[in-house]
Protein chains: 2
Amino acid sequence: MGVTKRFIHSDYINEIAQVAKVFSHPARLAILKHISEQESCICNDLVDEIGLSQATISQHLTVIADAGLLKGTFKGKAKCYCINLETFEHFRVLLNSFFVTTKLKCC
Amino acid sequence: MGVTKRFIHSDYINEIAQVAKVFSHPARLAILKHISEQESCICNDLVDEIGLSQATISQHLTVIADAGLLKGTFKGKAKCYCINLETFEHFRVLLNSFFVTTKLKCC
DNA sequence: TCGTAATATTGCAATATTACGATAATATTG
DNA sequence: CAATATTATCGTAATATTGCAATATTACGA
């Protein structure tokens, strides 16, 4: 089918899966890395740095932004992206919580 | 195209993306949770607990096992699964490292 | 060895994802 | 306003993923 049956799982499980999905593509990780290293970043820079087309980079940026991981402002012609640290930290804690709570009960 | 261009990224980035992918499906998270809560687990129990077919559960178990997250032994007719804590902890540290190192350099 | 129970594999249909070229939209500069 | 630069969106092709029924395999007990 190709469609994930989310309704059979808890909200907690679904949220973690959704968060993990954002980080499950190397291009998105690379984008996050690049943005973090430059404090702010222009999409066109990313196109040069990473070897993907502008359209593809823009798509990945949308996924990252939809997850709430970006704060975008305009600076000159280019859109200036910045990582939303609050969301980023929230995701770190969320993912870690899965590991910790799972580990505690394991054999 | 549908095919991820892994060769343009570093091994580190690719490894983290691969790990995140394992955790990016709610069924796999649910399976890990169930196994951890029962110390050991039979696939058929998972089929009852989670609302997916035996074939689908088995497929997800393969993905989890291929990642090195399971230790499987035989107990009676059923296969007894147990989480590989070393790998599990390794993955936790790996994912966390991405967050920590990215965060440190961010604006 | 035969039957049974449990798990794995195969094949398929439906949907999702990835990637890119073309083009549109938006903002800045002249 | 026109030209330019930058980013977003659309359409499309190729591949991946998800899920299940059917079947195969495996292990055990009679």
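Reminder, nothing fancy here: chain letters follow the sequence lines and each chain counts from 1. Just so you know, these numbers come straight off a predicted model, no measurement behind them. Just the heavy atoms: all of them, side chains too, but no hydrogens, waters or symmetry mates, feed the values below.
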Out of [options], which has the shortest distance to the side chain of [X]?
X	options	answer
A:Leu52	D:dT18, D:dA22, C:dA19	C:dA19
B:Ser58	D:dG19, C:dA8, C:dC20	C:dA8
A:Thr4	C:dA8, D:dA22, D:dT18	D:dT18

For the pair A:Leu52 and A:Val47, evaluate side chain to side chain contact (heavy atoms under 4.5 Å, CB included) and give the outcome as yes or no after the intermediate values. CA-CA 6 Å; A:Leu52 293 168; A:Val47 175; over 6 Å; no
Between [X] ([atom1]) and [N] ([atom2]), how many Å, whole number?
X	N	atom1	atom2	result
B:His60	C:dT9	NE2	C1'	15 Å
B:Gln59	C:dT7	CD	P	16 Å
A:Ile64	C:dT17	CD1	C1'	15 Å
B:Phe23	D:dT17	CZ	C1'	18 Å
B:Gln54	D:dA21	CD	P	11 Å
A:Ile31	D:dT7	CD1	P	12 Å
A:Leu61	C:dT18	CG	C1'	15 Å
A:Tyr81	D:dT6	OH	C1'	10 Å

May I ask you to verify if any side-chain N or O of A:Thr56 is less than 4.0 angstrom from the OP1 or OP2 atom of C:dA19? no
Measure across A:Ala30 and B:His9 and return the closest heavy-atom pair with its distance rounded to 0.1 Å. CB-ND1, 3.8 Å
Between A:Tyr12 and A:Thr101, which heavy-atom pair has the shortest distance, and what is it? OH-OG1, 4.2 Å
I'd like to know if the side chain of A:Thr87 reaches the main chain of A:Gly68, judged simply by a donor and an acceptor atom lying under 3.5 Å from each other, with no hydrogens or angles considered. yes
When pairs are called at under 3.5 Å and a stem needs at least three consecutive Watson-Crick or G-U pairs, the stems of DNA chain D are C:1-30 with D:1-30
Can you get from A:Val93 to B:Leu95 by hopping between Ile, Leu, Val, Met, Phe, Trp and Tyr side chains that sit under 4.5 Å apart? no
Aromatic ring pairing A:Phe98/B:Phe23, orientation class (parallel under 30°, perpendicular over 60°, tilted between): perpendicular
Under 4.0 angstrom, heavy atoms only, what part of the nucleic acid is B:Arg6 near: base, sugar-phosphate, or nothing? nothing
Comparing A:Thr62 with A:Lys21, nearest DNA chain D nucleotide closer to 5' gives the residue A:Thr62
So, do B:Phe91 and A:Phe99 have ring centers that fall under 6.0 Å from each other? no
